[in-house]
Amino acid sequence: MNSLHDWITTPVTADLLRGALDLERTAHGVLPHRLPARARAQCADGQLAMAESQPSGVRLAFRTRATVVELDTLPTKRVYVGVPPRPDGVYDLLVDGRLAGQASVTGGNTVTVDLAAGTAEHCPGPVGTLRFADLPGGAKDVEIWLPHNETTELVALRTDAPIEPARDRGRRVWLHHGSSISHGSDAASPSATWPALAAALGDVELVNLGLGGSALLDPFTARALRDTPADLISVKIGINLVNADLMRLRAFGPAVHGFLDTIREGHPETPLLVVSPILCPLHEDVPGPSAMDFASLGSGRLLFRALGDPAERANGKLTLRVIRDELARIVRQRRAEDPNLHYLDGRELYGEADFAELPLPDRLHPDAATHRRIGERFAKLVFAADGAFDRSR
């Protein structure tokens with residue numbers, strides 16, 4: 001800590017955070033969650049526990065005259081045996097809405113995962129310090145976006161001038177749910193995931209419930225969406241259901257209806273957008289499950305492969321084409337009584353021409369450039385005039 005500054009330590013409380021639905025007190029500080037405690041208690045799935053604790057879209061937001069900000073955090077980093085190490089999570093500093101700095105925190109806890117053996121070993125580590133200096137003088141709005149792919153406990157926040165919660169700018173709140181693509185897999189930084197980019201272009205406040213591997217039409221997720229205040233809601237459905245080979249067509253339709261019914265209990269007239277999967281040739285016509293292709297590790301990168309048999313579509317197995325057709329049908333049916341319900345074919349965000357130019361590096365997930373393209377396309381199609389989230393609606 002720099003002794004040249006008269007530091008002010010401010011407790012991290014819910015009024016300084018945006019994008020989190022719950023704040024758990026830990027031995028070190030506080031841990032933001034993107035699902036409420038009741039939802040977390042209803043599922044013992046480790047994948048979901050990891051995904052919802054990774055603070056995609058969660059940011060500290062305050063107003064201050066400070067020129068130096070320090071944040072102590074305890075990250076939890078995941079190391080996969082045989083897979084090239086992932087870089088440390090990135091923190092984005094935004095000043096008056098513009099990216100003004102980036103940094104990472106070393107150290108922290110480590111979870112070593114052996115995918116082949118199905119084991120995970122946890123090793124505790126030290127708290128690290130993030131420092132942003134030379135901020136412009138005068139009153140300003142400051143946001144620190146937490147790493148979208150790294151569980152992050154917030155330990156202490158220090159500044160050289162007082163802070164107060166960010167002002168309400170009167171922007172609409174956009175609540176979004178989706179898979180690892182919405183979560184931000186392989187995005188360059190937390191403010192560069194496609195939902196964050198689209199939110200900035202649409203001038204809305206983002207609450208991102210993109211849950212890597214866990215967009216599975218779970219009732220507790222629907223209730224979280226139902227109970228979260230929002231002016232705009234979107235749900236991106238499909239790819240994780242194929243990845244997990246979770247259900248057949250007979251169950252899928254009623255599950256989608258139930259998911260939407262639950263959301264409508266809390267948001268009966270809110271613009272609600274159903275988004276089908278983006279193009280993914282791996283599963284367009286081949287059912288799941290998906291699996292990691294361990295043979296690809298010899299080339300230094302991890303690829304995915306599809307284990308299903310296309311012939312099984314006759315028995316109700318889901319593919320992305322099947323899911324898009326069913327989602328479009330369901331939305332058409334429901335719109336007769338719900339004019340605020342809308343549908344977007346995910347291939348309008350990323351389709352065949354995009355795949356030819358920007359292929360999915362691991363066959364499932366878009367890279368940083370593709371996140372930007374999807375975010376820009378979403379803003380153009382959805383937030384613009386006559387879009388589902390057109391303000392005039």
Side-chain angles (χ1 to χ4, degrees), residues 1-34 53-77 88-109 124-148 150-171 173 189-192 196 199-200 205-208:
M1 187 185 301
N2 192 335
S3 60
L4 296 178
H5 294 278
D6 294 326
W7 291 104
I8 299 171
T9 300
T10 303
V12 177
T13 52
D15 60 349
L16 293 177
L17 281 171
R18 291 181 177 170
L21 299 192
D22 193 16
L23 200 57
E24 176 190 359
R25 184 156 296 281
T26 68
H28 302 280
V30 293
L31 175 63
H33 287 280
R34 293 186 299 125
S53 70
Q54 293 177 339
S56 181
V58 179
R59 62 268 188 205
L60 286 160
F62 51 89
R63 189 162 179 80
T64 185
R65 293 180 176 273
T67 60
V68 183
V69 177
E70 288 191 350
L71 179 65
D72 294 343
T73 72
L74 181 63
T76 295
K77 304 173 188 293
D88 291 329
V90 175
Y91 296 72
D92 283 347
L93 172 72
L94 274 63
V95 176
D96 290 333
R98 295 182 176 86
L99 184 65
Q102 294 180 310
S104 297
V105 171
T106 58
N109 302 325
V127 171
T129 299
L130 185 77
R131 190 171 195 270
F132 292 111
D134 300 321
L135 275 61
K140 53 196 167 292
D141 291 319
V142 174
E143 294 181 351
I144 301 176
W145 287 62
L146 306 180
H148 59 285
E150 195 170 83
T151 301
T152 304
E153 295 181 57
L154 304 174
V155 178
L157 173 63
R158 292 182 297 276
T159 53
D160 62 351
I163 70 173
E164 60 184 30
R167 301 168 299 177
D168 183 358
R169 298 173 56 187
R171 301 197 297 185
V173 175
S189 71
S191 66
E205 292 286 347
L206 172 65
V207 179
N208 187 3

Interatomic distance, [X] atom [atom1] to [Y] atom [atom2] [nearest 0.5 angstrom]:
X	Y	atom1	atom2	result
Gln102	Leu93	CD	CG	9.5 Å
Ile163	Arg63	CD1	CZ	13.0 Å
Thr73	Leu31	OG1	CG	11.5 Å
Leu130	Asp72	CG	CG	9.0 Å
Leu154	Thr26	CG	OG1	9.0 Å
Leu21	Leu23	CG	CG	11.0 Å

Does atom CZ (Arg65) have a neighbourhood of more than 12 heavy atoms from anything else shown, all under 6.0 Å?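 At most 12 heavy atoms, drawn from other residues, nucleotides or ligands, come within 6.0 Å of this atom.
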According to side chain to side chain donor-acceptor pair (under 3.5 Å), who are the partners of Arg169, at least two apart in sequence or on a separate chain?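 Result, side chain to side chain donor-acceptor pair (under 3.5 Å) vs Arg169: none returned.
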Heavy-atom closest contact ([X] atom, [Y] atom, distance):
X	Y	result
Arg34	Gln54	NE-O, 2.7 Å
Pro162	Thr64	O-OG1, 2.8 Å
Ala166	Arg18	CB-NH2, 3.5 Å
Gly125	Leu74	O-CD1, 3.5 Å
Asp92	Ser191	OD2-OG, 2.5 Å
Lys140	Ala66	NZ-O, 2.8 Å

Test side-chain contact (heavy atoms from CB on, under 4.5 Å) on Leu71 and Phe132 and set out the steps. CA-CA 9 Å; Leu71 179 65; Phe132 292 111; over 6 Å; no
Pick out which of Leu16, Thr13, Leu60 makes a side-chain contact (heavy atoms from CB on, under 4.5 Å) with Pro165.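 When side-chain contact (heavy atoms from CB on, under 4.5 Å) is applied between Pro165 and each of Leu16, Thr13, Leu60, only Leu16 qualifies.
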Positive for side-chain contact (heavy atoms from CB on, under 4.5 Å) with Pro190, one of Val58, Val90, Leu146: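 It is Val90, the one option of Val58, Val90, Leu146 that forms the side-chain contact (heavy atoms from CB on, under 4.5 Å) with Pro190.
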side-chain contact (heavy atoms from CB on, under 4.5 Å) evaluation trace for Thr129 with Arg158: CA-CA 10 Å; Thr129 299; Arg158 292 182 297 276; 3.9 Å; yes
Any side-chain to backbone donor/acceptor pair from Arg59 onto Gly57? Under 3.5 Å, distance only.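 Judged by distance alone, yes, a pair lies under 3.5 Å.
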If you measure only the distance, is there a donor-acceptor pair under 3.5 Å linking the side chains of Asp160 and Thr67?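 Judged by distance alone, the side chains do pair up.
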Just by distance, no angles: are the side chains of Thr151 and Ser53 close enough, under 3.5 Å, to form a donor-acceptor pair?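 The criterion, which ignores hydrogens and geometry beyond distance, is satisfied for Ser53 and Thr151.
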For Tyr91 and Thr152: C-alpha separation, side-chain torsions, deciding distance, then whether side-chain contact (heavy atoms from CB on, under 4.5 Å) applies. CA-CA 11 Å; Tyr91 296 72; Thr152 304; 3.5 Å; yes
Evaluate Val69 against Phe62 for side-chain contact (heavy atoms from CB on, under 4.5 Å), listing each step before the verdict. CA-CA 11 Å; Val69 177; Phe62 51 89; 4.3 Å; yes
